Structures are given as C-alpha cells and as structure tokens.
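Step one of this worksheet: look at the structure below.
Since this is a predicted model, take the numbers as computed values, not measurements.
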There are 2 protein chains.
Amino acid sequence: MSKNTNASFGEYIRQLREESNLPLRKIAAELDIDTSTLSKIEKNERNASEQIIEKLSVIFKIDKGDLKVRYLSDKITYQLLEEENGIEILKLAEQKIKYHKQQHQL
Amino acid sequence: MSKNTNASFGEYIRQLREESNLPLRKIAAELDIDTSTLSKIEKNERNASEQIIEKLSVIFKIDKGDLKVRYLSDKITYQLLEEENGIEILKLAEQKIKYHKQQHQL
DNA sequence: TTTGCTTTGACAAATATTGTCCAAAGATAA
DNA sequence: TTATCTTTGGACAATATTTGTCAAAGCAAA
C-alpha cells in the first residue's frame, strides 16, 4: 500500500480520481450510481458497498483486498474515534480474532 | 476460565450473573428491560446500549471502561470475522486512531 | 404435575440507510 | 462578464435494520 495510508477511504478515492483527471460524473456512471452519491462517498458521508469497492478496484487498477482494508479500517476508526480506550479495544479485538481463527483451524 | 478475555461480552455478563445466582428476571428489572432482551444480550443477539453497559457495571461492580472495551472489541471482532484481512484492518485502524489523536493534540 | 427460569419467534414502532433528484454553489474557460 | 461543467447539500420516498414488547414453548427441579 504505497500511498498515504492515513488518508481516509474517501480521500484516497478522490485522489485516484483526480490523478486520472476524471469527473465524478464519469466514475459514477461506471459505478452505476448517482454523481451525488459518489461525491458523498468521497467525503465519507456514504457507505461504499462491497460491489462499489470491487468496481473501484477495477477502474483504478488497484488490489481489491487493499481497498477493502482501507475502507473497513476507516469505518472502525470512525467508530472508535470518540472512545477513551480505542487502542485497547483494537488490541483485544485482535486477540479475539486470532483466537477465533485458531479455533476454526482445529 | 473466570476472567477469560476471549469470552464474548454476552458470555461474560452471563458468567457474572450466574456467579451472583440471580435470574435474568432480576437483572432485567434493574436494567429496566425485558427479560427476553437480556437473554438475547447474553447470547449476543441484541446490542447493549451505553446505558445498559453503565448499569451493568454498577450492578456487578466492575469498571465501566473495561466493560465497554469488552463490548466494543466484541462488536469489531464480529464485523471482521468473515474478512480475509481482519488483522491487517485492525493494524491500520490502530495507526489511523493514533494519527488522529496526535493531530488532535496540536 | 406445578413452579420458576430461559429461549424463541413474532410483530409493530422507531431509526437508519439507500437511491434518487434537483437546485445551488464553485470552478473554469472564453 | 457569460456560458459551461463539476461538485455539493438538502429533500424525499423506499428499504432495511434495530428496538421494545409480548406470548408461547422448552427445560429442569421438586
């Protein structure tokens, strides 16, 4: 993931789009959504569906997994931004996920 | 396995309740919710509101912050359990939160 | 059996999200 | 300046999700 990882998902998409010199209108058409919806996605005011993320990865020729990582980490970040113990929460979540994965392997 | 951090939020509450030998009915009354709602909370089928968490921490004399950490880490865990890159997502979220906090301090 | 505890499903009411349109605001070029 | 293209924000109904509640059913002990 070479670009600024601290950029939000929306900022990142906007960056990609502007580097391609394409208006919202064009990308929105490819995504088959309203221009205003894409505008809101770029401003992190709307969710991006799995399908949208998939299409964006094709349009901008980037790895879909990476894009999803960006998107979901963003969502979690926003969920925890107001929390006292955000980091602690993430650490524990990590522990739990590892535990679940391990259990699943047996 | 009494303070097992891998126990889910619901399992943990149930454990506390059973250690106190109190029926759902009693705790639910204190929480001012339906018995069936509490049952579902203990089975992780319903969300626990901020208010419920607060009251639970009082009833069971445990730290509210800790309880919230358990609850929220659980929610995040469930969100990511089906994801390929759960751990990566959490790492990036952590980075972002730290970044935001730092920015906030300036 | 009765009694008390717990679980489940159903349901409407309340909330939140989605998809869409349109008008206004901004930006750019002539 | 005007004309044109792009972007934004508000409004709205349609959907989806969550909440609060109830009643019935399951379960175990006496």
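- Within the model, atoms CD1 of A:Ile33 and CZ of A:Arg46 stand 9.5 Å from one another, a figure rounded to the nearest 0.5 Å.
- Looking at heavy atoms from C-beta onward, B:Tyr12 lies out of side-chain contact with B:Asp74 at the 4.5 angstrom threshold.
- The stretch residues 22-35 of chain A participates, sequence neighbours left out, in no side chain to side chain donor-acceptor pair (under 3.5 Å) pair at all.
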Please encode protein proximity along nucleotides 6-23 of chain D as a string of B, S and -, counting only heavy-atom distances under 4.0 Å.
SSBBB-------SBBBB-

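- Not counting sequence neighbours, the partners of B:Lys68 by the salt bridge (Lys or Arg N to Asp or Glu O under 4.0 Å) test are A:Glu83, B:Glu50.
- A:Glu45 has no carboxylate O lying under 4.0 Å from a charged side-chain N of A:Lys40, or vice versa, which leaves the two without a salt bridge.
- Contact check for B:Phe60 versus B:Glu19: no side-chain heavy atoms found under the 4.5 Å cut-off.
- In the helix from C:dT1-D:dA30 to C:dA30-D:dT1, the rotation axis of the first five pairs and that of the last five pairs differ in direction by 30°, rounded to 10 degrees.
- Of the charged side-chain nitrogens involved, at least one lies within less than 4.0 Å of a carboxylate oxygen, so that A:Lys91 and B:Glu94 count as a salt-bridged pair.
- Within a 6.0 Å radius of CD in A:Gln103, other residues, nucleotides and ligands contribute more than 12 heavy atoms.
- In terms of heavy-atom proximity, A:Gly86 sits nearest to A:Leu80 at O-CD1, 3.8 Å.
- Along DNA chain C, read 5' to 3', the first and last nucleotides having any atom under 4.0 Å from a heavy atom of chain B are C:dC5 to C:dA10.
- Applying the side-chain hydrogen bond (donor to acceptor under 3.5 Å, both in side chains) rule to B:Ser73 yields the partners A:Lys96; only residues at least two apart in sequence or on another chain are considered.
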